[in-house]
Amino acid sequence: MSKAFIYDLTPLELTEALNALEQPGFRTKQLLQGLYNKLYQDFDAFDAIPKSLREALDNQFNITPLKLHSTVYSKNKDTEKVLFETHDGHLIETVLMRFERRNTLCISTQVGCPMACVFCATGQQGFARNLSMSEILGQFIHFQRELRQKNEALRNVVFMGMGEPFLNYENVSNSLYALSDPERLGVGARHITVSTVGVIPRIAQFAKDHPQVNLAISLHAPDDALRTKLLPANKQFPLDNLMKACRDYVKETNRKITFEYALIDQLNDTTEHAHAFAKQLKGILSIVNLITLNPSKDYPYPGSSSMRVQNFRNVLVSHGVRVTVRLRRGIEINAGCGQLAGSIKSNDII
Ligand code: SAH
């Protein structure tokens, strides 16, 4: 039988595993420290733990959830994309963006994505399976180790890589607990953002489970007809219902929501679209994040010109909407929003 991945276990499950090995209670803390603070790469390194236990753990658990496949850097080195190989041979991608005063990691949650958004390279690729908690955390741990060697640290995480986080809720949720727990990975909850296409039932649950983690909604169109064309999931989760879920979210958490909107030349970036979008946002504590559409293999339309982006922004601002324009980076290494494709073993696409 293949070994279980130790980062798939919650602290409670680790305690149970240690109980089964007849270990005293304080071992859980020692094990958590080695796994989440020291980021040891093998059980041999856990020097606070007796050798016999290290061997027992090694027999029972695998500590390496992902294999490093390759690393690509953007020309100016401010963006680093890593391909990881999963135990069953898929390739997933993770992107580190280095800014002057912070590093942000963009994490994947699925192998491929079933949402099929037409302009997204991941959506065009199809779907194989959810990533486990160990595979989600493994992406973070790889980069945290690497940055520590340079006396730096990861303090910002966005769940905006491959996949739809709210279709893999349990593993994403447990990963959020591990990331934000000061005893484990110690990233402040307010420095973590989860982006969803709008899986409505999960929005309320997320508000209850993770009220301090930021929520981003991929909107991209202000009416159902256009949104369904771009994001087929809109058929199942239409705009009126989605915006109601957003209002409820704000009521419950008192937190603002980020609305992402990728601007596509002439298609969703007219003045009328901007007015309609501002109307949708009425009464919702929010900020809009505009992105110029990035090129992806199977989508022929170009992103909007900077003039059209400015115009769209100005219309929103005239309605009192807060707007930021996302800097594009890593485009030449296909590390931009919607460009992550990795590779699914072809016979595993479902
Ligand atoms: N499935 C989640 C998270 C992944 S994508 C979601 O839909 O939110 C992260 C963001 O990149 C989303 O807003 C997505 O719509 C956007 N995106 C996808 N393809 C893009 C492209 N070609 N150019 C710009 N943004 C894109």
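Both counts, for ligands and for their atoms, begin at 1 and track the order of listing.
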Could you pull out the closest heavy-atom pair between Thr104 and Phe99, with the gap in Å? OG1-CE1, 3.9 Å
Side chain, backbone, both or neither: which part of Thr196 has a heavy atom under 4.0 Å from ligand 1? backbone
Starting from atom 2 (C) of ligand 1, find the nearest protein heavy-atom neighbour and note its residue, name and distance. Ser195 O, 3.3 Å
Please state which protein non-hydrogen atom is closest to atom 19 (N) of ligand 1 and give its distance, to 0.1 Å? Gly338 CA, 3.0 Å
Option passing ring pair (Phe, Tyr, Trp, His ring centres under 6.0 Å) with His220 (candidates Phe119, Phe277, Phe259): Phe119
Minimum-distance pair of heavy atoms, taken over all atoms of Ser108 and Ile136: O-CG1, 4.0 Å
Identify the protein heavy atom lying closest to atom 23 (N) of ligand 1, giving its residue, its atom name and the separation to 0.1 Å. Asn294 N, 2.8 Å
Less than 3.5 Å between some nitrogen or oxygen of Glu164 and one of ligand 1, yes or no? yes
Pair Thr109-Asn130, side-chain donor/acceptor within less than 3.5 Å: no
Does ligand 1 come near enough to Thr292 that some N or O of the ligand is less than 3.5 Å from an N or O of the residue? no
So, for Phe237 and Pro201, which heavy atoms are closest and what is the spacing to 0.1 Å? CE2-CD, 3.7 Å
Can you tell me if Glu164 and Thr196 form a side-chain donor-acceptor pair at under 3.5 Å? yes
Please confirm whether Ser296 comes within less than 3.5 Å of ligand 1 when only nitrogen or oxygen atoms on both sides are compared. no
No-hydrogen, no-angle side-chain donor-acceptor test under 3.5 Å, Ser175 and Asn171: no
Looking only at protein heavy atoms, which one is nearest to atom 11 (O) of ligand 1, and how far off is it? Cys337 CB, 3.5 Å
In ligand 1, the atoms that come under 4.0 Å of a heavy atom of Val197 are 6 (C), 7 (O), 8 (O)
Please list, in number order, the atoms of ligand 1 under 4.0 Å from a heavy atom of His220. 13 (O), 14 (C), 15 (O)
Heavy-atom closest contact (Gly163 atom, Thr122 atom, distance): N-CG2, 3.9 Å
Within 6.0 angstrom of Asn76 CG, more than 12 heavy atoms from elsewhere: yes
Please determine if Gly163 has a nitrogen or oxygen closer than 3.5 Å to a nitrogen or oxygen of ligand 1. yes
Answer yes or no: does an N/O atom from Phe119 fall short of 3.5 Å to an N/O atom of ligand 1? yes
Give me the atom names and distance for the closest heavy-atom approach of Ala245 to Ile203. O-CG2, 4.0 Å
Option of least heavy-atom distance to atom 13 (O) of ligand 1 (set: Ala262, Ser218, Gly336, Cys117): Ser218
Which of the numbered atoms in ligand 1 are under 4.0 angstrom from any heavy atom belonging to Gly161? 4 (C)
Would you say the side chains of Asp78 and Tyr73 form a donor-acceptor pair under 3.5 Å? no
Can you report which non-hydrogen protein atom sits closest to atom 10 (C) of ligand 1, along with the distance? Glu260 OE2, 3.8 Å
Against ligand 1, does Gly123 come closer than 4.0 Å with any heavy atom? no
Under 4.0 Å to a heavy atom of Met160 - the qualifying atoms of ligand 1, by number: 4 (C), 5 (S), 9 (C)
